[in-house]
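Residue numbering restarts at 1 for every chain, and letters A, B, ... go by the order of the sequence lines. The analysis underlying the following values was restricted to heavy atoms, covering all of them including side chains, and did not include hydrogens, waters or symmetry mates.
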Amino acid sequence: MARHLITSAIPYINGIKHLGNLVGSQLPADLYARYLRGRGHEVLFLCATDEHGTPAELAAAKAGKPVADYCAEMHDVQAEIAAGFRLSFDYFGRSSSPQNHALTQAFAGRLADMGLIREVVEEQVYSNADGRFLPDRYIEGTCPNCGFESARGDQCDNCTKQLDPTDLIDARSTISGSTDLEVRETKHLYLRQSALKDDIAAWIGSKTDWPILTTSIAKKWLNDGDGLQDRGITRDLDWGIPVKKGTEDWPGMEGKVFYVWFDAPIEYIACAQEWVDAGKGADWERWWRTDKGADDVTYTQFMGKDNVPFHTLSFPATILGSQEPWKLVDYIKSFNYLNYDGGQFSTSRGRGVFMDQALEILPADYWRWWLLSHAPESSDAEFTWENFQTDVNKDLADVLGNFVSRITKFCRSKFSEAVPEGPDYGPAEAELIANLSAKLADYEGHMDTMEVRKSAADLRAMWVLGNEYLQSVAPWTTFKTDPAKAAMQVRMGLNLCRLYGVLSAPFIPDASADILAAMNASDVTWPDDITEAVSALQAGHAFTVPEITFRKITDDERADWAKRFAGIRD
RNA sequence: GGCGCGGUAGCUCAGUUGGUUAGAGCGAUCGACUCAUAAUCGAUAGGUCGGGAGUUCAAGUCUCCCCCACGCCA
């Protein structure tokens with residue numbers, strides 16, 4: 001039994017995530033966590049909400065709520081939706097937790113002690129009306145180059161010229177529209193990532209088994225231009241973790257907070273502390289401190305490609321720079337984007353399906369299966385309603401659901417709602433067992449290496465083997481001449497239902513639980529041996545014919561949903 | 001403009017270090033079966049592997065150029 005620490009990129013607190021976000025981090029992380037638990041490994045699976053920064057402040061203001069209240073509410077909303085998708089976090093924390101405050105401040109203090117923090121005085125635009133410094137993207141004005149009226153503080157979207165906020169003519173705040181702006185000096189802390197470049201490059205270089213997507217992004221940032229740049233880790237905001245040097249005040253940094261991208265990944269560690277403090281775990285250090293038992297932990301992170309730089313460079317810079325025995329990530333599984341019907345999902349335009357909407361129209365398993373079996377691993381993937389409908393109907397309703405239905409109903413009509421008597425398995429069953437064993441090995445191999453789409457294909461192939469078997473031995477025909485033999489064939493079919501329930505659980509936990517409950521199965525452990533597994537249910541074992549496991553999506557529904565989620569809001 | 005991931009059957013995608021007639025699922029067509037959610041099983045059709053040039057005994061797989069899509073950055 002091995003120990004696995006798994007984290008999913010932590011979703012931003014502002015709003016509900018769409019299916020592309022889900023399939024890019026939380027869902028595959030959950031698949032992996034469920035699989036490893038199923039195999040009997042010890043797993044700690046953590047996720048949290050990422051709560052700091054300007055967007056959270058603005059969203060709270062828009063909602064007319066104090067930012068702390070807003071975040072608390074949205075955390076609960078996201079937690080509820082995550083539960084709806086059956087995301088099996090051991091703990092769903094918050095980056096605004098007291099634990100993360102203390103740990104982030106401790107890291108900053110330690111990095112300062114190691115000489116890796118420098119103070120920089122810079123000029124930034126301050127909005128008197130808003131009472132705050134404005135990040136470049138919250139400033140708009142007329143481009144001095146082309147005259148475009150909605151150029152942003154960092155760049156003109158019309159002529160693409162790179163700009164400084166002070167270049168803009170009639171600059172205004174996009175928050176309030178106010179033109180009462182001024183340039184003020186402000187002091188910030190920078191993490192000297194440039195000093196850690198060689199360490200990080202050596203570490204990345206040692207990860208030869210990582211996905212190309214992960215390492216190519218990391219190497220680009222390491223080597224482009226002047227190489228890895230020092231990064232500002234503080235901001236002039238109210239909402240965030242106050243800048244402190246450990247537990248001490250940081251002279252000159254009063255009223256400032258750490259930048260969200262500094263404290264967010266530290267929450268991975270703080271989340272484990274929250275898990276313990278909430279009474280759900282006993283010891284977080286044995287997962288995170290290599291001097292306290294974490295040296296045998298395998299740590300895997302899941303994220304979309306946009307998060308890769310922060311997980312391959314920024315967070316490792318924090319860890320490596322501290323020179324403390326923190327656990328570094330062993331494997332980063334990154335994903336491309338899921339497109340929606342030929343374009344992007346769009347939060348602002350309401351285009352695509354969001355997590356809460358998805359659960360309103362169909363159970364979680366439908367989404368889990370389709371999204372995972374089409375995970376954007378090697379390139380961006382494409383969601384269309386036509387594909388979703390045909391794939392889900394075929395795979396879940398016809399291949400798996402109908403298999404359970406046909407065998408249980410046949411048994412009930414010809415025998416009873418109990419596994420019938422019959423002889424031992426024969427040659428046809430031996431062949432089936434051999435095929436299943438081979439496919440199970442493929443399935444486990446692909447799950448071990450987190451090849452999500454291939455794992456889904458292997459699982460489906462095992463479902464198909466059951467249908468092939470029934471079709472070939474045809475118990476409905478056998479029954480006419482040799483009822484005892486037919487009973488044996490039915491016994492195999494019922495045992496396959498139980499087996500599918502066990503093996504399918506990482507992908508479709510609810511349906512698996514339903515099947516196992518219908519089969520009245522007490523043993524749900526992962527099979528070591530298929531021969532044994534298909535003998536688990538013995539003659540006389542009572543079962544029930546389950547309700548329809550997966551109903552089909554109709555053409556009307558598909559058309560209706562395609563229209564509903566096309567994005568008419570503006 | 002620079003960089004990155006891609007461009008393989010109607011659709012969604014696989015194709016290890018270059019090596020026999022390029023694969024899967026869906027869809028289509030035909031057949032079998034009738035236990036089942038008009039389900040299942042089998043068979044067949046369908047691709048000049050974005051375009052061009054090159055290296056090689058041999059290239060979807062390597063090199064160069066070009067085109068297209070998406071993304072990131074400045």
Please state the [atom1] separation for the pair [N] and [M] - nearest whole angstrom.
{"N": "B:rG15", "M": "B:rG52", "atom1": "P", "result": "25 Å"}
{"N": "B:rG60", "M": "B:rA39", "atom1": "P", "result": "40 Å"}
{"N": "B:rG27", "M": "B:rA38", "atom1": "P", "result": "15 Å"}
{"N": "B:rG71", "M": "B:rU63", "atom1": "P", "result": "26 Å"}
{"N": "B:rU44", "M": "B:rU34", "atom1": "C1'", "result": "23 Å"}

Distance in Å, A:Thr318 OG1 paired with A:Leu313 CG, rounded so as to fall on 0.5 Å steps = 11.0 Å
Identify which nucleotide among [options] has an atom closest to any side-chain atom of [X], counting heavy atoms from C-beta outward.
{"X": "A:Ala397", "options": "B:rG71, B:rU37, B:rG25", "answer": "B:rU37"}
{"X": "A:Lys552", "options": "B:rU37, B:rU12, B:rG42", "answer": "B:rU37"}
{"X": "A:Glu382", "options": "B:rG42, B:rC13, B:rU40", "answer": "B:rC13"}
{"X": "A:His374", "options": "B:rC41, B:rC26, B:rU12", "answer": "B:rU12"}

query = Do A:Gln193 and A:Arg231 have side-chain atoms, one donor and one acceptor, less than 3.5 Å apart?
reply = no
request  = Answer yes if the ring centres of A:His311 and A:Tyr268 are under 6.0 angstrom apart, and no otherwise.
outcome  =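 Close enough - the centres of the two rings lie under 6.0 Å apart.
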ask   = Between the base of B:rA39 and the side chain of A:Asp398, is there any donor-acceptor pair under 3.5 Å?
value =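 There is none.
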request  = Report the residue from A:Phe345, A:Trp561, A:Trp370 that forms a ring pair (Phe, Tyr, Trp, His ring centres under 6.0 Å) with A:Phe383.
outcome  =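 So, applying the ring pair (Phe, Tyr, Trp, His ring centres under 6.0 Å) to A:Phe383 and each of A:Phe345, A:Trp561, A:Trp370, only A:Trp370 qualifies.
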Would you say [N] has OP1 or OP2 under 4.0 Å from some side-chain N or O of [X]?
{"X": "A:Arg453", "N": "B:rA24", "result": "no"}
{"X": "A:Lys454", "N": "B:rA24", "result": "no"}
{"X": "A:Lys409", "N": "B:rU37", "result": "yes"}

ask   = Quick one: side chain to side chain donor-acceptor pair (under 3.5 Å) partners of A:Asp458, sequence neighbours excluded?
value =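 For A:Asp458 the side chain to side chain donor-acceptor pair (under 3.5 Å) partners, ignoring immediate neighbours, are A:His446.
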request  = Validate the cation-pi geometry between A:Arg491 and A:Tyr425: distance from NZ or CZ to the six-membered ring centre under 6.0 Å, angle to the ring axis within 45°.
outcome  = yes
Heavy-atom check, side chain of A:Trp367 versus side chain of A:Met355, under 4.5 Å = no
remark   = Output row for RNA chain B, stems defined as at least 3 consecutive Watson-Crick or G-U pairs under 3.5 Å, is B:1-4 with B:70-73, B:10-13 with B:23-26, B:28-32 with B:40-44, B:50-54 with B:62-66
